[in-house]
**Q** 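Sharing a structure below in structure tokens format, with a few things to ask.
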Amino acid sequence: MSSIPKELKYASTHEWVRNEGDGVFTVGISEHAQDLLGDMVFVELPEVGDNVAAGDDVAVAESVKAASDIYAPIGGEIIAINEDLEDAPETVNSDPYGDGWLFKMKADDPSEVESLLDAEGYQAVIDED
Amino acid sequence: MANRTPLFDAHVKAGAKMVDFHGWDMPLNYGSQIEEHNAVRKDSGVFDVSHMTIVDVAGAQAKDFLRKMLANDVAKLSVPGKAQYNSMLNEKGGVIDDLIVYYFSDESYRLVVNSATRERDVAWIEKVASAFDVTITEQTELAMVALQGPKAAEKLRLVLGDEAFAPVDGMRPFMSVQVGDLFIATTGYTGEAGYEIVLPASEVEKLWDDLLNVGVQPCGLGARDTLRLEAGMNLYGQDMDENITPLEANMGWSVAFEPEDRNFIGREALEKQKAEGHDKLVGLVMREKGVLRHGQKVVVDGGEGVITSGTFSPTLGFSIAMARVPNSVGETAEVEMRKKFVTVSVVKPSFVRNGKGLV
């Protein structure tokens, strides 16, 4: 059973979102998603300054097994990316909710986050797969 | 329910992620596929390959039968225990399966064939055998593990003890020997030194546990695939199948056209194809970010081809692939990846041997 922290919000496409305050949100992929993908070998991240809409494909997680698109869970501006993943993509496997974060966004509309899934709702998505 | 090998419980105990592999419940990995891969390149790893099919061939006409059925010539084998890479073809020259033949005597051989094609293989073997004085025995009570890596010999000595290890000590590649209940061969599917060991199903869990206890890494199908691809070894059903001939799959070296009067099944089709020209299997290397994948389109001087196997190479740190392309190929190829074309290098399909990169 993979861990799904209660304090985070989730997209049905397996991204998680953490509210850092001041309209800033950190985004990563869930433990379940990294487990499905297997050992990560490359992570292609967006550019800082990119403006994206919810649902845009903004990053690619490439594992030994497959390449998988990562979607922006909310709209806004990319304000930081996790550059450590360049040399250590496996951090996404070992610490998906911590050091394995992908990027940070400044939300256009922070209330958009409310429409994402809570831990329980995301668990239900996994159970359906 | 899916078939289980005698090691099923041992895999679950070791934390394996189990997946369906052609009707068998097999371990994909025990945590990290890359760590397992690296263990085989630098130290030692063990794979459960009990799902593979072992067929013994015995009888007065065993040699004649195999010289008819197989593309490589078993008459080249004269030292008891010697192994040979081989394939059985249909009349069109397509590969029914690739296999290893072990020679015991002109009247006794062992074949190890793939699991994915088991029923078709056994039916074909029996059909061809019906015209010969031979007995075909599928060994379903035997299990098989592959112990691979530069420290494989050291680990096996620890487990067997000096006395039992003595007949194996210093054995050259592609040989085999029976040691008590263990049939031990210096063959494998990783490009490293090591052994494939066939033994009674009832004894395999003890050997497995003993190997793990001396620090051998259990390895799953994921690492098996990246290791064999780095070594440039074909995977049946992916790099070749019954519609592909050995000449189109970089297996021409394992087809014996000499002597000319040996009329093996598929010979006529291969000779015709040899005269007319054919596609070939090449290696691709991409040093930029990204991973070459099975099914991607490849463009070379002579036209379009396709990637048959592609992966990230953990040993090299970049992506490698095998691709079937028209015969006219320059030093580079264009691969269509995620809607854009990327230029990659064309190399011989062999990337890593004994822990060292070849490209």
Side-chain angles (χ1 to χ4, degrees), chain A residues 1-3 13-14 29-48 50 52 55-72 81-100 102-103 126-127 129, chain B residues 15-21 26-41 217 219-230 235 238 286-296 307 309-321 335-340 342:
Chain A
M1 185 64 82
S2 59
S3 116
T13 46
H14 306 291
I29 64 169
S30 72
E31 186 174 305
H32 177 72
Q34 70 76 26
D35 187 52
L36 284 181
L37 285 166
D39 287 331
M40 218 58 76
V41 292
F42 297 114
V43 182
E44 252 183 74
L45 294 170
E47 303 271 336
V48 171
D50 284 358
V52 301
D56 285 358
D57 50 343
V58 290
V60 181
E62 189 130 25
S63 71
V64 177
K65 210 159 87 184
S68 181
D69 285 321
I70 293 164
Y71 303 96
I81 57 171
N82 186 355
E83 287 172 0
D84 293 343
L85 298 181
E86 174 87 17
D87 293 323
E90 66 276 11
T91 314
V92 175
N93 296 113
S94 59
D95 192 9
Y97 299 115
D99 290 343
L102 301 179
F103 53 87
I126 294 178
D127 291 343
D129 283 350
Chain B
K17 182 170 180 176
M18 303 299 287
V19 293
D20 176 73
F21 183 73
M26 297 302 288
L28 179 64
N29 62 60
Y30 301 82
S32 166
Q33 160 178 354
I34 290 180
E35 279 173 26
E36 292 163 24
H37 177 109
N38 291 337
V40 172
R41 289 276 177 252
Q217 168 72 49
C219 300
L221 293 174
R224 190 165 164 80
D225 192 52
T226 49
L227 287 159
R228 69 92 194 168
L229 186 45
E230 285 187 347
L235 173 60
Q238 205 161 299
M286 183 177 73
R287 287 186 167 77
E288 298 94 275
K289 252 188 178 188
V291 182
L292 302 166
R293 306 278 183 192
H294 168 81
Q296 284 170 342
I307 290 184
S309 287
T311 191
F312 173 78
S313 160
T315 307
L316 299 169
F318 47 77
S319 183
I320 58 173
V335 179
E336 188 175 6
M337 298 179 69
R338 298 173 73 83
K339 295 168 221 150
K340 59 175 198 271
V342 179

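Each chain gets a letter, A, B and so on, in the order the sequences are listed, and its residues count up from 1.
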**Q** Please identify each residue that fulfils side chain to side chain contact (heavy atoms under 4.5 Å, CB included) with B/A39, with sequence neighbours left out.
**A**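 So B/A39 forms a side chain to side chain contact (heavy atoms under 4.5 Å, CB included) with B/Q217.
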**Q** Which bit of A/N93 comes within less than 4.5 Å of chain B, counting heavy atoms only: side chain, backbone, both or neither?
**A**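 Answer is neither: A/N93 stays 4.5 Å or more from chain B.
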**Q** Could you list which of residues 62-70 of chain A have a heavy atom closer than 4.5 Å to any heavy atom of chain B, in residue-number order?
**A**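 Counting heavy atoms that sit under 4.5 Å from chain B, the residues of residues 62-70 of chain A involved are A/E62, A/S63, A/V64, A/K65, A/A66, A/A67, A/D69.
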**Q** I'd like to check the ring-ring contact (aromatic ring centres under 6.0 Å, His included) partners of B/H37; sequence neighbours left out, ordered by chain and number.
**A**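 ring-ring contact (aromatic ring centres under 6.0 Å, His included) list for B/H37, sorted by chain: empty.
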**Q** Would you mind checking which part of B/T226 comes under 4.5 Å of any heavy atom in chain A, side chain (CB onward), backbone (N, CA, C, O), both or neither?
**A**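 The side chain, not the backbone.
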**Q** Which answer fits B/T311, side chain, backbone, both or neither, if we ask what part of it has an atom under 4.5 Å from a heavy atom of chain A?
**A**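 For B/T311, side-chain heavy atoms alone lie under 4.5 Å from chain A.
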**Q** Whether the side chain of B/K17 engages the backbone of A/G38 through a donor-acceptor N/O pair (distance < 3.5 Å, no angle test) should be reported.
**A**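 Absent.
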**Q** When heavy-atom pairs shorter than 4.5 Å are enumerated against chain A, which of B/R293, B/E35, B/K289 gives the highest number?
**A**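 Result: the option with the highest number of such pairs is B/R293.
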**Q** For chain B, which residues of residues 83-92 of chain A have at least one non-hydrogen atom nearer than 4.5 Å to it?
**A**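 If one takes a 4.5 Å heavy-atom cut-off, the residues of residues 83-92 of chain A near chain B are A/E86.
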**Q** Kindly check if the number of other-residue, nucleotide or ligand heavy atoms within 6.0 Å of CD (B/Q238) is above 12?
**A**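 Counting neighbours around CD of B/Q238, more than 12 heavy atoms of other residues, nucleotides or ligands fall under 6.0 Å, so yes.
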